[in-house]
Amino acid sequence: MTKRVAILISGGGSNMVALAQSMCGDHPARPVLVLSNDPLAAGLAKARALNIPTCAIDHKPYGKDRAGFEAALQQTLETAQPDIICLAGFMRILTPEFTAKWEGRMLNIHPSLLPKYKGLHTHTRALEAGDTAHGCTVHEVTAALDDGPILGQARMKVRADDTPDTLAARLLPLEHALYPAVLRRFAAGDRTPVMLDR
Ligand code: GRF
């Protein structure tokens, strides 16, 4: 049976577009919802252009009330009935109560070779550490931030003249290759990690 995929974004949504465009033909999944916590996220218009239903749940009116925000999120997701949730540049930290509801069904992409550099500023941290390789990771979402079983990694070489910006720019196309490759496998019930080396 075709799997239903909801994609959660906060910004430009380039990973969302890569995921959505990959779900065609004999792919075992289809996008059913793109949801943003920012009503102004550029990715929402891109999703509409791809004929995917969209929804914005602004987190700001909820202030510190994470449970309230997540209740609204949960209600929208229950209506869309996704089998799989893909976090794609979704910049809200989710509570353990929320992640528990979707454990085993929720994926995230993170711009580092996890377990290195959980959290923010991954490119700067890789350069400061003198790393010769950098990359991105798709993993299952668990209660701990940027943790959870690794489902795939794409790796690239760091160049002597790299800056955080050049690393980010070179990494993005790798994210766009890795995430759809992992989703295809995951939707088919295969959790064998996808490893890309560029
Ligand atoms: C990506 O680099 C992702 O790894 C990071 O935020 C960026 C999202 O970009 N967490 P986009 O919204 O998919 O274009």
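All values below come from the heavy atoms of this structure, side chains included, with hydrogens, waters and symmetry mates left out. Ligands are counted one by one from 1 in listed order, and the atoms in each one are counted from 1 as well. In this chain, residues are counted from 1 in sequence order.
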(request) State whether the number of non-hydrogen atoms from other residues, nucleotides or ligands found under 6.0 Å of Arg125 atom CZ is greater than 12. (result) yes

(request) Assess whether atom CZ of Arg30 is packed by more than 12 heavy atoms of other residues, nucleotides or ligands within 6.0 Å. (result) yes

(message) Could you go through Thr122 and His110, starting from their C-alpha distance and side-chain angles, then the distance that decides it, and tell me whether this counts as side-chain hydrogen bond (donor to acceptor under 3.5 Å, both in side chains)?
(response) CA-CA 9 Å; Thr122 57; His110 183 73; 5.3 Å; no

(request) Flag Asn15 as yes when one of its N or O atoms lies below 3.5 Å from any N or O atom of ligand 1, and as no otherwise. (result) yes

(request) Consider every N or O of Met91 and every N or O of ligand 1, then say whether any pair is closer than 3.5 Å. (result) no

(message) With heavy-atom distances below 4.0 Å as the criterion, list the atoms of ligand 1 near Ser14.
(response) 11 (P), 12 (O), 13 (O), 14 (O)

(message) Tell me the protein heavy atom at minimum distance from atom 10 (N) of ligand 1, and give that distance in Å.
(response) Pro111 CD, 3.9 Å

(request) Compute the minimum heavy-atom distance from Gly13 to ligand 1 and say whether it is under 4.0 Å. (result) yes

(message) Apply the hydrophobic cluster definition, ILVMFWY joined by side-chain contacts under 4.5 Å directly or through others, and give me every member besides Trp102.
(response) Leu8, Val32, Leu33, Leu35, Ile57, Tyr62, Phe69, Leu73, Leu77, Ile85, Leu87, Phe90, Leu94, Phe98, Met106, Val141

(request) Check the pair Leu174 / Leu196 against side-chain contact (heavy atoms from CB on, under 4.5 Å), numbers first and verdict last. (result) CA-CA 8 Å; Leu174 291 192; Leu196 306 179; 5.9 Å; no

(request) Starting from atom 8 (C) of ligand 1, find the nearest protein heavy-atom neighbour and note its residue, name and distance. (result) Gly89 CA, 3.8 Å

(request) Could you list which atoms of ligand 1 come closer than 4.0 Å to a heavy atom of Glu175? (result) 1 (C), 2 (O), 3 (C), 4 (O)

(message) side-chain contact (heavy atoms from CB on, under 4.5 Å), that's the test. Do Ile7 and Met23 meet it? Break it down for me.
(response) CA-CA 12 Å; Ile7 307 171; Met23 286 184 262; 4.2 Å; yes

